[in-house]
Amino acid sequence: MRNISLIVLIMLIFTLSSCNEAPVDISSTNETQTTKSVELQANYEDMQTSKSIEQSTQKEESQSLLMTTKKSSQTSITNDKQTETQTSSIKTSYASPLTHIWKIDWDNFKIFTQEEVGSDFTIGKKRYVYYSTIYYQDSLVDKDRIDQWYVAKKRPDEINEMENVSFIKDFDITREQYENAFKSFYESDFGKPSGSPNLSEFWEVVNIDLIYTFNNEKINDYYSRDRKKAKAADEWLQKWLETNKPYDSYAEYKAANP
C-alpha cells in the first residue's frame, strides 16, 4: 500500500513539473520561417538577375560578333570590287614588243611637203615608207625572185596598197619571219637610222602591228599626209589591239575573212 502511494506521488510531481515548462513560442517560429522565405526569395531574385545579365551579355557578344562578321564580309566585298576594278583598268594589248621602234609622236612628227623637199624629189600621196622597199627583203626571199616580182608588180598607188603589204601577201611572209628580219636589220649598225623614226617621215619604219591587220583602209589612212587622218588610224589600231591579235600570215587572214 505504501509502495503504491509512493508511485502515485512521484507521478504527481512529474506531472506538475511538466506543466511548469515554458510554452512553445509560435511567433518566433513564424518569424524564422518568414526570414527563410525572404532569403529564398532574395536568392531566387539574385539568380534571375544573374541569369538575365548573362543572357544580356551573350546577346551583346552575339550582336558584336555579327557586326564584326558583317563588317568583315563588307570589307571583303569592297576589296574584291577594288581588285576587280584595278584588274579591269589594266588594259591588255596584243601589240608587238617592238612597238616602241615605230610608235609615232604625232605632235612632233615631221611630214614633208613638196615645197620643202624641192623639185629634185617627188613625194607621193602617202608618206615615204608607204612606197619604199624593205632593205631586209633578201633575208626573206631569194633576190632573183624579188627582182622578177618588182618587174611584174603594179605600183602602190595603182592598186591602193602599201608596198610592204603586197610583198607579204605575194610571198606569204609570216609575221614572225618579218619581225625577226626587221629586228636583226634594225639592230645592225647599217640598219640604225641617222634620225629618229618617231620624228621624221624620212626615217619612219614600217608599223608591223598595222600591216598584219591587212586592213588596207586603215593602213592607207595611217600613211596619209593628212596628220589628223593618220592619227585617227593610229588610235583605231591601239583600240583594236586591245581585243584583237594581228594575223600571223595573210593565209590566216584569208581563212578568217573568206
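Worth saying up front: this structure is predicted, and the values here are computed from it rather than measured. Residue indices begin at 1 and follow the sequence shown. Note that these values count all heavy atoms, side chains included, but never hydrogens, waters or copies made by symmetry.
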- prompt: Between Asp157 and Tyr131, is any side-chain donor less than 3.5 angstrom from a side-chain acceptor?
  reply: yes
Identify all side-chain donor-acceptor contacts of residues 110-117 below 3.5 Å with residues at least two apart in sequence or on another chain.
{"residue": "Lys110", "atom": "NZ", "partner": "Glu116", "partner atom": "OE1", "Å": "3.4"}
{"residue": "Lys110", "atom": "NZ", "partner": "Glu116", "partner atom": "OE2", "Å": "2.6"}
{"residue": "Thr113", "atom": "OG1", "partner": "Glu116", "partner atom": "N", "Å": "3.3"}
{"residue": "Thr113", "atom": "OG1", "partner": "Glu116", "partner atom": "OE1", "Å": "3.4"}
{"residue": "Gln114", "atom": "OE1", "partner": "Ile123", "partner atom": "N", "Å": "3.1"}
{"residue": "Gln114", "atom": "NE2", "partner": "Gly118", "partner atom": "O", "Å": "2.9"}
{"residue": "Gln114", "atom": "NE2", "partner": "Phe121", "partner atom": "O", "Å": "2.6"}
{"residue": "Glu116", "atom": "OE1", "partner": "Thr113", "partner atom": "N", "Å": "2.9"}

4.5 Å side-chain heavy-atom contact, Lys231 and Asp107:
yes
According to a hydrophobic-cluster definition based on side-chain heavy atoms being under 4.5 Å apart (Ile, Leu, Val, Met, Phe, Trp, Tyr only), do Phe185 and Tyr128 belong together? no
Given the ring of Tyr222, does Arg127 sit roughly above its face, with NZ or CZ under 6.0 Å from the centre of the six-membered ring and within 45° of the axis?
yes
### Task
Report, as yes or no, whether the 6.0 Å neighbourhood of atom OH on Tyr94 holds more than 12 heavy atoms from other residues, nucleotides or ligands.
no
State, yes or no, whether a side-chain contact exists between Met162 and Pro156 at a heavy-atom distance under 4.5 Å.
no
In this structure, NZ of Lys125 is separated from OH of Tyr130 (nearest 0.5 Å) by 10.0 Å
Tightest non-hydrogen contact, residues Ser132 and Asn164, listed as O-ND2, 3.4 Å
Does either side chain, that of Gln238 or that of Asp234, offer a donor lying less than 3.5 Å from an acceptor on the other one? yes
Requested in this report: Apply side-chain contact (heavy atoms from CB on, under 4.5 Å) to the pair Val206 and Val129, showing each step before the final yes or no.
Outcome: CA-CA 7 Å; Val206 176; Val129 71; 3.9 Å; yes
* Side chain proximity check, Asn160 to Asn216, heavy atoms < 4.5 angstrom -> no
*Same apolar cluster: Tyr150 and Val165, side chain cutoff 4.5 Å*: yes
Heavy-atom nearest pair, Gly124 first then Arg225, reads O-NE, 2.9 Å
With a 3.5 Å distance limit and no angle check, can you tell me whether Ser184 reaches the backbone of Ala181 through a side-chain donor-acceptor pair? no
- Task: Over 60° means perpendicular and under 30° means parallel, so classify the ring planes of Trp106 and Phe109, tilted if in between.
- Result: perpendicular
request  = Evaluate whether atom NZ of Lys245 has more than 12 neighbouring non-hydrogen atoms of other residues, nucleotides or ligands under 6.0 angstrom away.
outcome  = no
Check your understanding: In terms of hydrophobic clustering (I, L, V, M, F, W, Y; side-chain heavy atoms under 4.5 Å; direct or indirect links), are Leu140 and Leu98 co-clustered?
Key -> yes
Can you confirm whether the side chains of Ser96 and Glu179 place a donor and an acceptor under 3.5 Å from each other?
yes
Minimum side-chain heavy-atom gap Asp248-Tyr253 below 4.5 Å
no
_Steps toward side-chain contact (heavy atoms from CB on, under 4.5 Å) verdict (Asn215, Trp236)_ = CA-CA 11 Å; Asn215 186 325; Trp236 168 86; 3.8 Å; yes
- prompt: Is any side-chain N of the basic residue among Lys239 and Glu235 closer than 4.0 Å to the acidic one's carboxylate O?
  reply: no
Output for pair (Ser249 OG, Lys254 NZ), nearest 0.5 Å, gives 9.0 Å
Between the CG atom in Asp144 and the CH2 atom in Trp149, the distance rounded to the nearest 0.5 Å is 15.0 Å
Fill in: Pairing of Lys154 and Glu161 as salt bridge, 4.0 angstrom limit
no
When rounded to the nearest 0.5 Å, the distance separating CD of Glu204 from CG of Leu199 is 11.0 Å
message: Parallel, tilted or perpendicular: which one describes the rings of Phe214 and Tyr250, with boundaries at 30° and 60°?
response: tilted
### Message
Using a strict threshold of under 4.0 Å (side-chain N to carboxylate O), is an ion pair present between Arg175 and Asp209?
### Response
yes
Salt bridge (Lys or Arg N to Asp or Glu O under 4.0 Å) filter on Lys143, not counting sequence neighbours, yields Asp147
Rounding to 0.5 Å, atoms OG (Ser139) and CG (Asn180) come to a distance of 9.5 Å
Practice problem: Output, in order, the C-alpha distance, side-chain angles, deciding distance and verdict of side-chain contact (heavy atoms from CB on, under 4.5 Å) for Lys153 and Glu163. | Solution: CA-CA 10 Å; Lys153 75 178 292 297; Glu163 186 93 323; 2.7 Å; yes
Candidate pair Tyr178 and Phe182, rule ring pair (Phe, Tyr, Trp, His ring centres under 6.0 Å), full reasoning: CA-CA 6 Å; Tyr178 195 100; Phe182 172 88; 7.2 Å; no
OG1 (Thr213) and CD1 (Ile208) are apart, to the nearest 0.5 Å, by 12.5 Å
Count the heavy atoms belonging to other residues, nucleotides or ligands that lie under 6.0 Å from NZ of Lys183, then report whether that count exceeds 12.
no
Heavy atoms of Ile211 and Ile219 approach each other most closely as CA-CD1, 3.8 Å
Checking Trp102, Tyr212, Tyr223 against Asn207 for side-chain hydrogen bond (donor to acceptor under 3.5 Å, both in side chains), the one that qualifies is Trp102
Audit row: Asn257, Tyr247, side-chain contact (heavy atoms from CB on, under 4.5 Å) steps and yes/no
CA-CA 11 Å; Asn257 301 273; Tyr247 296 98; 3.3 Å; yes
